[in-house]
Structures are given as C-alpha cells and as structure tokens.
Amino acid sequence: MAPETLRFLHSADLHLDVPIHAIVDAPRAVVDRMAGLSSRLLQRIMEIAASEEVQFVLLTGDVIDWRLAGPALCEEWITFCETVAEQGIPIVWATSATERARPMPAALLPRGVVFLSGERPQVMDCTLRNGSRVVFVHWPEEAAIPDADAFLSSGGEGDYVIAVRHRSGREGLPGLVPLDYWALGGGHKKQTELSGTLTLHDPGTPLARRPGEVDNPSVTVVTLRQGDTCDLRPRSTGLLRWETIPLLVTDTFSEAEFLAQAVQEWESRRQSASGEALLRFEACGDPVRMIAWRREGVFDRVLAELRSRCERDHGSPWPLGIDFHPWEEWPSEWLNEDSFRGELLRQAFAAPGDLYEETAGEVRDLPEELRTELQSSLGGDDPDGLGRLVAVAVLERLRAAEDGS
C-alpha cells in the first residue's frame, strides 16, 4: 500500500557556473566570497533535504554547465549528488535545452542521479525508499505532443505522477496524463498557478546572481497527499541579498550630512545581515543639488568611504554604487514656487518640445544616461516626464556654463 504523503525538494535554475553579476572594483576577499556561493548553495540544499526528510530532490533545469564551471566546481557537484544519494535521497535532474546541447560527459555523471533528458517527451518511474512509485513525465521545452494512449497508460501505473518542464507558465502545457504536480523551471522567479486541483509551480532561482532577479531566494518543499492536495513551503537559502537603499538629498544638505546618512544605512545592514549582501544606493531629492554634487565628485567620495569601511572590516555588505535620477517625479509644490526652479518647471511642463529645441545643441554634452532618457522620451505619451527631462537638461547646461566661467 502506497504511503499517503510524498515529500520532496523542488529547485531550479541553480546556474552553479554563473558568476555574481556587477561585482566591480571589489577587493579580493569580497570576490572570493562571491565565488564560493555556488558551493555554499549545494551545502544549503543538502542541509534542507536532510532536515525535511524528503524522499528525493527534483531539479528542473539549468543546474550546471560543466564546460564553464571548471574542474573544482564540477567535482563539488558530483560529490553533492553522490553524498545526498548515499543518504537515500536520489537527485532527479531534468535537463534544460542548454544542458542537452552541452551534455556532461558520461565519465562525469554522478552516481545516484535520475536523468530526465532528450528532445522528446519521456516517462520514467522510480521506486523510493518509502515504497512510493513515482512516475516522472519529462516534457522538453519545444516537444511535440506524443501519443496520448501511451502516456495515459504510463501515468496510471504510479502512486504519484509528476510532470517536469524547464519553462515557466502554463502556456503550451499538455493535459494528457492525470497529474499530481507540474514541476516547472526557467522563470527565475517564484510562480504558482492552479488548474483545477493541479498545482503548477516554478520555485525560482535559489541564488539571485543579478539585481532584481528574485526578492527572497529559496527552494520549495513540496508535500503531495493522496486525494489531490498539495502543500508548498519555501525554505530560504539565505546566501545573498541585493538591496537598493534611498538616500535623501535636500538643498540644505552638506556633504558630511549625506555621508553620515549613507554610513548609518550601511552600518545597519552590516549588523543585521545573516548572509552576503550587495547594496546599491540611490540618491533622491533636489535635482539641482544632485547635479551639482555629481559634478563635484561628492557621490564618488562617499562611495569610496563606504568601500574603505567595508575593506577594513573584511566583510559585507559591499556597496556597488550610488545612482541618481534627477528627472524622476519631483514634488508638486515646486511648480508653485516663486523661484527659478518653479519658473523652469512651469515652462518645461507647458512647452517641453519648445524648450527641448533650445537645448538640443547641448544634448551631446549631457551625461549618457540623461541623454538616452531624453532622446527616448521625444515623441512619447508622457509630456510631464519629458518636461522634467528637459528641465534637467537646462540645469545641466547652466551648471556647465558656471563651471566654465
């Protein structure tokens, strides 16, 4: 008699071979810690699998490109798979199109791994240590629909039927087999959908290697129960956190006050961090002061001080940079000011095209980011946004004239 529950760990898009994005000018200690995150991820998955007493670990694509990973990481991957298998927890690896195009040599394939590969749909069954018979239906990304009768008969022989595909979302998913779970991958962000009583789930990447990829990287512990119930429980990997921190700039702020604010924010993250962290600061507030400070090198000096503190402490979080976007939303009360700023904004909002024509000759001398934003906004459907951009262009021109006088 089959057990009434089945518990397994579902993860995808580990990308063990991919370095952490945007690590620029970081000291060797930071670079080395970032390079070691793939090894720590494997260790974390092993710990979660053991503590949750799962029956197997299911990885739905883009796990490792052996050609890019290098010998040491390939050996760690093999050791991870074989160590987990020795604990009675098989690894089920459903390869992605990239992994099928660059297959790992047979000599490097770890023992104890169930491979779901090939360009055509396939069915594979696996009897687990608790007596459950699980049927895996591997559905490659661009596979054509196979013979329905064969899949229906194959799926009916298992206690649980799990379909696997390295593509997020339900578009194009077949409904040939009575399923208990659709295991997806490839989306890099956690996503769950329901189709009747069937759960479709992409756990997202367990390690965010670039900003904005995923807020809280995790793996998912899935529990299936006889009777069509499915429980999804994320377990945080807690290895790397990306964070954007706003820093206020006012027309009365001094450089020392701005630095103190940045240090306070950095210090609070340093003391509370449970793992590695990468910070990007974003100056916001008075555009005139931001433009002036950018030209005077204030942002560069503050960033240098933050990085110096990080190096002295040999720790995290590493500050990636200080950005500023003076053309974003400004306080509405500025429009009513009896000041040059107020008059400039009123003129820019009333006739941004005309004001742009006056500044067009200086566009080539503007900072690249502002120039790109300005040119892409011409002819758009956001006149207020264009007005703010043109106002900043005027401020840049005036500031440049002052610097040259």
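What you are looking at is a predicted structure, and each value in this text was computed from that prediction instead of being measured.
A donor-acceptor contact shorter than 3.5 Å is absent between the side chain of Asp159 and the backbone of Ser132. Between the side chain of Thr205 and the backbone N or O of His188 there is no donor-acceptor pair closer than 3.5 Å. A distance-only check finds a donor-acceptor pair linking the side chain of Ser254 to the backbone of Glu257 [under 3.5 Å]. Not a single donor-acceptor pair under 3.5 Å links the side chain of Ser218 to the backbone N or O of Pro234. Without hydrogens or angle criteria, Thr220 side chain to Pro203 main chain gives no donor-acceptor distance under 3.5 Å. Although no hydrogens or angles enter the test, the distance criterion places no donor-acceptor pair under 3.5 Å between the side chain of Glu243 and the main chain of Ala277. Remark: side-chain polar atoms of Thr79 are paired, donor with acceptor, to backbone N or O of Glu75 under 3.5 angstrom. Of the possible polar contacts, one joining the Arg209 side chain to the Val18 backbone as a donor-acceptor pair under 3.5 Å is found. No side-chain donor-acceptor contact under 3.5 Å links Glu282 to the backbone of Pro246. Remark: the backbone N or O of Arg307 is not paired with any side-chain donor or acceptor of Trp318 at under 3.5 angstrom.
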message: Checking Leu128 against Leu6 for the side chain to side chain contact (heavy atoms under 4.5 Å, CB included) test, could you report, in this order, the C-alpha distance in whole Å, the side-chain angles of both residues, the deciding distance, and whether it holds?
response: CA-CA 10 Å; Leu128 305 174; Leu6 176 71; 3.5 Å; yes

query: Would Val134 and Val92 count as a side chain to side chain contact (heavy atoms under 4.5 Å, CB included) if you check the C-alpha gap in whole Å, the side-chain angles of each, and the deciding distance to 0.1 Å?
result: CA-CA 11 Å; Val134 180; Val92 181; over 6 Å; no

task: Take Thr95 and Ser117 through the test side chain to side chain donor-acceptor pair (under 3.5 Å) and record every step on the way to the result.
output: CA-CA 6 Å; Thr95 57; Ser117 190; 3.1 Å; yes

- prompt: Could you walk me through whether His201 and Leu232 pass the side chain to side chain contact (heavy atoms under 4.5 Å, CB included) check?
  reply: CA-CA 9 Å; His201 181 64; Leu232 304 177; 3.6 Å; yes

message: Show, in sequence, the C-alpha distance, side-chain angles and deciding distance for Arg289 and Phe258, and conclude whether the side chain to side chain contact (heavy atoms under 4.5 Å, CB included) test is met.
response: CA-CA 12 Å; Arg289 178 56 60 92; Phe258 183 72; over 6 Å; no

field: Criterion side chain to side chain donor-acceptor pair (under 3.5 Å) on Thr98 and Arg102, from CA distance to verdict
entry: CA-CA 6 Å; Thr98 300; Arg102 305 168 181 173; over 6 Å; no

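When only modelled atom types and interatomic distance are considered, Asp62 and Ser96 share a side-chain donor-acceptor pair under 3.5 Å.
The nearest pair of heavy atoms linking Ile20 to Leu278 is CG2-CD1, 3.9 Å. Considering all non-hydrogen atoms of both residues, Ala183 and Ile162 come closest at CB-CG2, 4.3 Å. Shortest non-hydrogen contact noted between Ser236 and Asn216 is OG-OD1, 3.4 Å. In this structure, Val302 and Leu259 approach most closely via the heavy-atom pair CG1-CD1, 3.9 Å. Across every non-hydrogen atom of Arg235 and Ile48, the tightest pair is CB-CD1, 3.9 Å. Of all heavy-atom pairs spanning Val114 and Cys126, the tightest one is CG2-SG, 4.5 Å.
Aromatic ring pairs are classed by plane angle as parallel below 30°, tilted from 30° to 60° and perpendicular above 60°; the pair Phe299 and Trp293 is perpendicular. In this structure, Tyr181 and Phe8 have perpendicular ring planes: the angle between them is above 60°, well past the 30° mark.
Side-chain atoms of Trp66 and Pro105, non-hydrogen and from C-beta on, do get closer than 4.5 Å to each other. Contact of the Gln226 side chain with the Tyr160 side chain is registered, since non-hydrogen atoms from C-beta on lie closer than 4.5 Å. The closest side-chain heavy-atom distance from Pro317 to Trp242 is not below 4.5 Å. Counting heavy atoms from C-beta outward, Leu239 and Pro217 have side chains that stay 4.5 Å or more apart. Between Leu73 and Ser38, some side-chain heavy-atom pair lies under the 4.5 Å cut-off. Counting heavy atoms from C-beta outward, Phe281 and Trp266 have side chains that approach closer than 4.5 Å. The closest side-chain heavy-atom distance from Met124 to Leu116 is below 4.5 Å. Within the 4.5 Å cutoff, no side-chain heavy atoms of Val57 are placed close to those of Val219.
In this structure, OG1 in Thr244 is found 7.5 Å from CZ in Arg280, a value given to the nearest 0.5 Å. Leu306 contributes atom CG, which lies 9.0 Å from atom CG of Leu279 (distance to the nearest 0.5 angstrom). In this structure, the separation between CG on Leu184 and OG1 on Thr199 is 11.0 Å, given to the nearest 0.5 Å. To the nearest 0.5 angstrom, Leu207 atom CG is 10.5 Å from Glu276 atom CD. Interatomic distance, Ile291 CD1 to Glu296 CD, rounded to the nearest 0.5 Å: 11.5 Å. Within the model, atoms CH2 of Trp93 and CD of Glu99 stand 5.0 Å from one another, a figure rounded to the nearest 0.5 Å.
Taking the charged nitrogens against the carboxylate oxygens, Arg100 and Glu119 do have a contact shorter than 4.0 Å, which makes a salt bridge. Between Glu305 and Arg309 a salt bridge is recorded (basic side-chain N to carboxylate O distance below 4.0 Å). In summary, Glu265 and Arg269 engage in a salt bridge, as defined by a charged side-chain N under 4.0 Å from a carboxylate O.
Within 6.0 Å of atom CZ in Arg312, more than 12 heavy atoms from other residues, nucleotides or ligands are found, so the atom counts as buried in its surroundings. Counted within 6.0 Å of CD on Glu82, heavy atoms from surrounding residues, nucleotides or ligands total more than 12; the atom is thus considered enclosed. Annotation for Glu53: atom CD does not count as buried by contact number, only 12 or fewer foreign heavy atoms lying within 6.0 Å.
Partner His166 forms a side chain to side chain donor-acceptor pair (under 3.5 Å) with one of Asp13, Thr60, Asp202 and no other, that one being Asp13.
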